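Here is the structure we will look at.
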Amino acid sequence: MSSSAAKMSKTSRSSTKSDKKPSIKKEKIEVELKKAAAKSEPAKNGNGHVKVKAEAKSEPKQRVKEEAKTPVKQEAKNGKKRAAQADLSQSESPRKRKKKEEEEEVWRWWEEKKYADGRKWTTLEHKGPLFEADYVPLPKHVHFLYNGERVQLKSEAEEVMTFYAKMLDHDYTKKEAFNTNFFNDWRKFMTQSERELIKDLAKCDFGQVADYFKQKSEERKAMSKEEKKALKEEAAEVKKQYGFCVWDGHKQPIGNYKIEPPGLFRGRGEHPKMGMVKKRINPEDVIINCGKESKVPEAPPGRKWKEVRHDNMVAWLASWTENVQGNSKYVMLNAASRVKGERDWQKYEKARKLHRWIDKIRQNYSEDWKSKEMKVRQRAVAIYFIDKLALRAGNEKDDDEADTVGCCSLRVEHIKLHKSVEGVGEHVVEFDFLGKDSIRYQNKVAVEKQVYKNLLLFVENKNGEDELFDRLNTTILNSYLNECMDGLSAKVFRTYNASRTLQEQLDQMTDKHDSINDLVLTYNRANRAVAILCNHQRAVPKTFAKSMENMQKKIQDKKDAIADAEAELKKAKSDLKNLKSVAAKKKFETAENKVKKLVEGLRKLEMQVTDKEENKDIALGTSKLNYLDPRISIGWCKKHNVPIEKVYSKTQRDKFRWAIDMATADYHFFNYEGEIVLRDLSHLEGMDGGANTTQEADETQQDDEEEDDD
DNA sequence: AGCCCTACTTAGGATACGTCAT
DNA sequence: ATGACGTATCCTAAGTAGGGCT
């Protein structure tokens, strides 16, 4: 696309004021731009290390370990000693189990200083990843058939064959790409003679093999309690060995300590590589990362690592390259670990910091909608989408990946422009594209006129498969955003708008007189608003229809009960009228109460049904885990005396321990206290104190300005 | 200024597990 | 005690983002 840059008269700037702008209602916040000069950034060190102090408040928690306050330096020194002492096997005295033990093991890292040099650790020791057991050949009586005849495959080809057999029930095996890829790859594992024989997947019969595995899994399910328990204990023992490392002298849980087993690649959506064989990973494929002074993990007997390195600028303990796409895979720590928690915390602090800039940024991009530079206009519209609709950045993708897009990679075919749409409004953009994980994004949104005009311009003379933002990519976008605010990138808007939405919803919708149950319902509603914003979908649960039916039945029962109770009440009423006795009065009141109670119960049931219906294809977990500042939820729980367990599961509580500890009942997402480094924004403004330009003036301007582009 | 690589976060489906009604 | 069902956890794919190289 050539598109000679827009040459429009540079007229007075518009400042399309808030109005119906970003979907989320805007607060008027004073963004203090001044003191920018005053406080200059200390050492850069990227990451915009926001210096936040844990609300140093009181909280002299009883179980605070003394060492908790140990500054990093000293911590490092202690590291070795403690690592030795912790020694991966439990050196804990066996008698003090119980909660006490758990609690004592908590490392209150959020009360310590962070590394200022970008280092992730000083000492690190672990046992390396856990490998998958070798392949066990099928028993003699289980046969794979080709063309109706038994074929005894060599172990290599047999193993790959079982991968497919195990997936026979899955929809994947109905897809052509999956079958083709599988068959191609499978043949690579065959001997010459096997290859000569097996030439057509359609002639393969995996039935017996599939049944064999089904049977095995049945057997597993049917195991006795004791057997199951034994198995569980075994797994726990393995986890004890491999599931933890010693990180700066503290025992920390590892996330994925198990090496991924071989199998068939299950890409999402229409992935061109689905069905390809994902190979077994051997020690010789694995790079180990650990402390220089630490004991290097032992490779399995007779084997060796690909490499052992000591890089403390990264957080992974082991890595390998996966063969299907050539991506790196990493063994990293669990979300409850310090290194993950600290970054999570930082992420939310960054989002809170954005709150200080958001008005300014919105104003800027609104003005840029009229820039004479096409690139700037595209950037401005893209940021608007990212801000308003919580779209992802949209990095470019290769042809050998599923065809999905985000904001920057949107194509003309992904939007439709409508002058107006019934029930939506004027200047409507209709989105329909596949996003991450090939999840469909469909939305009709009314946008500012100027945005609409720009979009008309962007699609002009383009084909459906052309890029909507042909002058833009995520690198350009993010480097601009980074100029706006230190550390700002596209994804921060998702975090920001998600957390902001939760906070606002809770602020608005919470009725402090509600019961715990109703409060939780309110919370889930707020959570759902976020999930919808972020387009977090899920497959409708297989049991949905059935359980809905059950609930409807309950409702019917309740209604019947109400009818009966009402009849009783009616009778009691007339009795009372006739008899006017104390007993009759009492009876009447009882009947009245009964009806009231039943009606209340019905209301609750109906609410649950609505809730369930509205939730059937929406996943709340993703936003809860990744986008919502946990302190909002925890603060809210504390304020309204809702037990935290009502909102967070065990693992979630572990992950958000830092937040549970530090958030008080008055926590508010918008009250960012962090030491904020304000930067000179003048280069972005290109204008006076634009803030005060009046809207009316702009309006007039807007219309004529347009025609001339290109 | 595009490409590739690395490191890390975010994501939904599969499955294990716990709970509740029977 | 048992099975059905819903939720929590596990698994690993699929994103983002930034740096280095050409």
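Note that the structure is predicted; figures quoted are calculated from it, not measured. Residue numbering restarts at 1 for every chain, and letters A, B, ... go by the order of the sequence lines.
- Taking the six-membered ring for Trp and the full ring otherwise, the centers of A:His536 and A:Tyr627 sit less than 6.0 Å from each other.
- Using a 4.0 Å heavy-atom distance criterion, A:Gly435 is classed as a sugar-phosphate-only contact.
- Using a 4.0 Å heavy-atom criterion, one finds that A:Ala490 contacts the sugar-phosphate atoms exclusively.
- Separating the NE2 atom of A:His170 from the C1' atom of C:dC11 is a distance of 13 Å, rounded to the nearest angstrom.
- Outside the 6.0 Å centre-distance limit, the rings of A:Tyr242 and A:Tyr257 are not counted as a close aromatic pair.
- Around NZ of A:Lys397, the count of heavy atoms belonging to other residues, nucleotides or ligands within 6.0 Å exceeds 12.
- The separation between A:Lys624 atom NZ and C:dT7 atom P is 11 Å, rounded to whole Å.
- Within a 6.0 Å sphere centred on NZ of A:Lys174, other residues, nucleotides and ligands contribute more than 12 heavy atoms.
- If A:Thr404 and A:Glu260 are placed on DNA chain C by their nearest nucleotide, the residue sitting closer to the 5' end is A:Glu260.
- The side chain of A:Ser547 places no N or O atom within less than 4.0 Å of a non-bridging phosphate oxygen (OP1 or OP2) of C:dA4.
- Of the candidate nucleotides B:dT6, B:dG13, B:dC8, B:dG13 has the atom nearest to the side chain of A:Ala539.
- OP1 or OP2 of C:dA8 has not a single side-chain nitrogen or oxygen of A:Thr651 nearer than 4.0 Å.
- Considering only side-chain atoms of A:Asn626, the nucleotide from C:dC10, B:dA11, C:dA17 that sits closest is B:dA11.
- Note: CD (A:Gln325) to P (C:dG15) measures 10 Å, nearest angstrom.
- Contact annotation for A:Arg653: no contact, since no heavy-atom pair falls under 4.0 Å across all strands.
- Dashed line: the shortest gap from a side-chain N or O of A:Asn256 to OP1 or OP2 of C:dC11 is not under 4.0 Å.
- Counting to the nearest Å, the P atom of B:dG13 and the CE atom of A:Met274 are 14 Å from each other.
- One finds no side-chain N or O of A:Tyr648 lying less than 4.0 angstrom from the OP1 or OP2 phosphate oxygen of C:dA8.
- Comparing A:Gln537 and A:Val339 by the nucleotide of DNA chain B whose heavy atom lies nearest to each, the residue mapping closer to the 5' end is A:Val339.
- Counting heavy atoms from C-beta outward, A:Leu354 and A:Ile361 have side chains that approach closer than 4.5 Å.
- Rounded to a whole Å, the CE atom of A:Met332 is 13 Å from the P atom of B:dT10.
- Remark: the A:Lys436 side chain and the B:dT10 base include a donor-acceptor N/O pair separated by less than 3.5 Å.
- At the phosphate of C:dG15, neither OP1 nor OP2 sits under 4.0 Å from any side-chain N or O atom of A:Asn395.
- Under 4.0 angstrom from either OP1 or OP2 of B:dA7 there lies no side-chain N or O belonging to A:Lys329.
- Distances shorter than 4.0 Å separate some side-chain N or O of A:His271 from OP1 or OP2 on C:dA14.
- A:Leu620 has its CG atom 13 Å from the C1' atom of B:dG12, to the nearest Å.
- With a 4.5 Å cut-off on side-chain heavy atoms, A:Phe265 and A:Tyr172 do not count as touching.
- If you take NZ of A:Lys232 and P of B:dA16, they are 13 Å apart, rounded to a whole angstrom.
- Within the structure, a side-chain polar atom (N or O) of A:Lys612 is placed less than 4.0 Å from OP1 or OP2 of C:dG6.
- Mapping A:Arg309 and A:His536 onto DNA chain B via the closest heavy atom, the residue that lands nearer the 5' end is A:Arg309.
- The shortest distance between the side-chain N/O atoms of A:Lys258 and the OP1/OP2 oxygens of C:dC11 is below 4.0 Å.
- No engagement by A:Leu625 is indicated, since no non-hydrogen atom pair under 4.0 Å with the nucleic acid exists.
- When heavy atoms are screened at a 4.0 angstrom cut-off, A:Asp437 is found touching the sugar-phosphate backbone but no base atom.
- Residue A:Ser649 places at least one side-chain N or O closer than 4.0 Å to OP1 or OP2 of C:dT9.
- The shortest distance between side-chain heavy atoms of A:Arg343 and A:Lys340 does not fall below 4.5 Å.
- Considering only side-chain atoms of A:Ala393, the nucleotide from B:dA14, B:dG12, C:dA17 that sits closest is C:dA17.
- Within the 4.0 angstrom heavy-atom criterion, no nucleotide atom of any strand lies near A:Gly621.
- No engagement by A:Lys655 is indicated, since no non-hydrogen atom pair under 4.0 Å with the nucleic acid exists.
- A sub-4.0 Å separation between OP1 or OP2 of B:dT9 and a side-chain N or O of A:Arg343 is present.
- The residue among A:Lys397 and A:Ile259 whose nearest nucleotide of DNA chain C is located toward the 5' end is A:Ile259.
- Residue A:Leu628 is tested with A:Thr495, A:Thr501, A:Asn527 for a side chain to side chain contact (heavy atoms under 4.5 Å, CB included); the sole match is A:Asn527.
- In this structure, A:Ser489 reaches the C:dA17 phosphate: one of its side-chain N or O atoms is under 4.0 Å from OP1 or OP2.
- The side chain of A:Arg392 places an N or O atom within less than 4.0 Å of a non-bridging phosphate oxygen (OP1 or OP2) of B:dA11.
- We find that CD of A:Glu645 is positioned 16 Å from C1' of C:dT7, with the value rounded to whole Å.
- Here A:Arg538 does not reach the OP1 or OP2 of C:dG6: none of its side-chain N or O atoms lies under 4.0 Å away.
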